[in-house]
Chemist: 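The following block contains the structure, expressed as structure tokens.
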Amino acid sequence: MDKGHTLPQDFGEFLHCMRMRSKFTIFLVFVVALVIIEKENNIISRVSDKLKQSPLSLTEANSTDPSLALSENGSLMSLSELDSAFSQLKKRLQNVTLQLGRTREPLLAPAKGTRKHVLLMATTRTGSSFVGEFFNQQGNIFYLFEPLWHIERTVSFEPGGANAVGSALVYRDVLKQLFLCDLYILENFIIPLPEDHLTQFMFRRGSSRSLCEEPVCTPFVKKVFEKYHCKNRRCGPLNVTLAAEACLRKDHMALKAVRIRQLEFLRPLVEDPRLDMRIIQLVRDPRAVLASRMVAFSGKYETWKKWATEGAATISDDEVQRLRGNCESIRLSAELGLRQPAWLQGRYMLVRYEDIARSPLRKAKEMYKFTGIAITPQVEEWIQKNTQAPQDSNGIYSTQKNSSEQFEKWRFSIPFKLAQVVQNVCSPAMNLFGYKLASSPEILTNRSISLLEERRTFRVT
Ligand SMILES: *[C@@H]1O[C@H](CO)[C@@H](O)[C@H](O)[C@H]1NC(C)=O
Ligand SMILES: *[C@@H]1O[C@H](CO)[C@@H](O)[C@H](O)[C@H]1NC(C)=O
Ligand SMILES: *[C@@H]1O[C@H](CO)[C@@H](O)[C@H](O)[C@H]1NC(C)=O
Ligand SMILES: *[C@@H]1O[C@H](CO)[C@@H](O)[C@H](O)[C@H]1NC(C)=O
Ligand SMILES: *[C@@H]1O[C@H](CO)[C@@H](O)[C@H](O)[C@H]1NC(C)=O
Ligand SMILES: *[C@@H]1O[C@H](CO)[C@@H](O)[C@H](O)[C@H]1NC(C)=O
């Protein structure tokens, strides 16, 4: 993912940056507190309840999230710090929020009974951009591509155990406002801060058709630096008000997020009668994900590469724990979803990327059926165009062969040693999703041996 880091040219600039940064941090802590307090006044007590749970649940928490994999007393310490920080902020800010509440008009989606809100919940390198297009291409859906990127970029909780809990709450509350078309909530997290509700810095604006069509695409007047611009046309800076209005006009809303780790945190959204939520969790073979991440974020995976090829450096335990944490949080979310507790009934669907790669149109239809939204010819056309290889001279589409080659490419790019690490650490998740373990390098690279179990349904044991 585009991180857009720039290195300061000299020390003076560096200091300036640091000063700006700390100002922002203070501001953002404030904003975050506002977000939380404004949306749910009782959240603090709920957080406290969560944090004061028994040590046992903390141990559970550490298995679901890598950033909680600290020494047990370390986690406890930072969690209680967060707790007290929250209560202090609450006291200080309640008055401010009361005043804010009066001036800010709530922007609520009209209570159209049929409006659906779809969350595509994934992790990086699982094909979520591709699958997100299935919804982006439907003209009646207001689709946002990874809006939580802005929050991750600007909000940095102190590192440590509280990080995951704190950010999950912020993500959740921002998500809720976005589903309600309150796009203004994002302005607090966009850097530089938008003025007059205008911004050139909406992350991957061009990946949202709704942000690039009339009337949200305002006439292009003067050339300004626009980091994320529309693909097929030039537009003026994004007017957030226009975007919010467009969001309200569309029949449905969908967004993709790779930053939601735990399904259970979404319960208040799922139970919000205004939202009529549908959650699609997208998973992919963790060996393929690692192979893909090593290419996409190669800097981060230097030690893995060295370890696999030279045997010199060792993979730190931290990194293995992080991998385990990723797999486990995906598995735990999926298990919760598959168990279909009453609050999730009919609202959760698990999809494997591999199944989509092999039969994109069929899976798209299934997903649309699940959401209760009608698939349109444009969506079908887009899928045809983007998944099929050009017609060959025999007039036969080579889709099947081609896409299966595509989705299994990782088998030849990942060293067996690394595949083994993933298998050791992620086998519970792999078992659940039907990804077969490869017991030797020969099996890993033997195309005639499938590493994918054919599954129509998934069983929680
Ligand atoms: C939690 O983390 C500690 C320390 O890293 C580890 O010893 C323990 O096994 C973990 N618990 C679970 C359930 O994974
Ligand atoms: C708690 O952690 C600190 C360092 O993080 C360590 O020095 C201390 O011994 C630990 N205390 C207990 C009771 O484990
Ligand atoms: C809240 O703000 C108002 C207006 O600024 C002020 O008069 C009042 O004393 C404040 N209340 C508290 C409890 O701080
Ligand atoms: C943004 O759009 C709104 C709604 O049409 C309009 O009232 C406002 O003037 C626009 N803002 C700017 C800066 O053009
Ligand atoms: C697979 O499809 C892509 C795009 O449709 C094409 O560029 C590529 O050459 C195809 N590969 C094979 C092996 O047919
Ligand atoms: C690949 O697996 C098939 C089926 O098990 C086997 O017949 C074949 O010999 C294997 N190929 C290689 C190159 O090992």
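Every heavy atom of this structure was used, including side-chain atoms; hydrogens, water molecules and symmetry mates were not. What you see is a predicted model, and the numbers here were worked out from it, not measured in a lab. Atoms within a ligand are numbered from 1 in the order they appear, just like the ligands themselves.
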Chemist: Indicate whether the side chain of Ser128 and that of Lys256 have a donor and an acceptor atom separated by less than 3.5 Å.
Modeler: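 A pair is found: one side chain offers a donor N or O, the other an acceptor, under 3.5 Å apart.
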
Chemist: Got a sec, which residues hit salt bridge (charged side-chain N to carboxylate O under 4.0 Å, His left out) with Glu380, two or more places apart in sequence or on another chain?
Modeler: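 Salt bridge (charged side-chain N to carboxylate O under 4.0 Å, His left out) list for Glu380, sorted by chain: empty.
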
Chemist: Anything under 3.5 Å between an N or O on ligand 4 and a protein N or O? List each pair with its distance, or write none.
Modeler:
residue, atom, partner, partner atom, Å
ligand 4, 2 (O), Asn239, OD1, 3.3
ligand 4, 2 (O), Asn239, ND2, 2.4
ligand 4, 11 (N), Asn239, ND2, 3.0

Chemist: Show every donor-acceptor pair shorter than 3.5 Å between a side-chain atom in residues 350-357 and any protein atom, with sequence neighbours excluded, or say none if there are none.
Modeler:
residue, atom, partner, partner atom, Å
Arg352, NE, Asp355, OD2, 2.8
Arg352, NH1, Phe433, O, 2.8
Arg352, NH1, Glu453, O, 3.0
Arg352, NH2, Asp355, OD1, 3.2
Arg352, NH2, Asp355, OD2, 3.3
Arg352, NH2, Glu453, O, 2.9
Glu354, OE1, Tyr435, OH, 2.7
Glu354, OE2, Asp285, N, 2.9
Asp355, OD1, Arg358, NH2, 2.8

Chemist: With side-chain hydrogen bond (donor to acceptor under 3.5 Å, both in side chains) as the rule and sequence neighbours excluded, what pairs involving residues 205-216 come up?
Modeler: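 side-chain hydrogen bond (donor to acceptor under 3.5 Å, both in side chains) check on residues 205-216 returns Gln137-Arg209, Arg204-Ser207, Arg205-Glu226, Glu213-Lys250, Glu214-Arg233.
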
Chemist: Evaluate the side chain to side chain contact (heavy atoms under 4.5 Å, CB included) criterion for residues Met294 and Leu418: first the C-alpha distance (whole Å), next the side-chain angles of each, then the deciding distance (0.1 Å), finally the verdict.
Modeler: CA-CA 11 Å; Met294 285 174 70; Leu418 284 189; 3.5 Å; yes

Chemist: Which ligand 6 atoms are under 4.0 Å away from a heavy-atom of Ser448?
Modeler: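 Reading through ligand 6 atom by atom, the close ones are 1 (C), 2 (O), 3 (C).
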
Chemist: Can you find a pair of side-chain heavy atoms, one from Met367 and one from Met349, that are under 4.5 Å apart?
Modeler: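 Met367 reaches Met349 side chain to side chain.
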
Chemist: Check each atom of ligand 6 against the heavy atoms of Ile449 and keep those under 4.0 Å away; list them by number with element.
Modeler: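 Counting atoms of ligand 6 from 1, those under 4.0 Å from Ile449 are 2 (O).
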
Chemist: Determine, for cysteines Cys217 and Cys230, whether their SG atoms are under 2.5 angstrom apart.
Modeler: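 Judged by the SG atoms alone, which are 2.5 Å or more apart, Cys230 and Cys217 are not bridged.
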
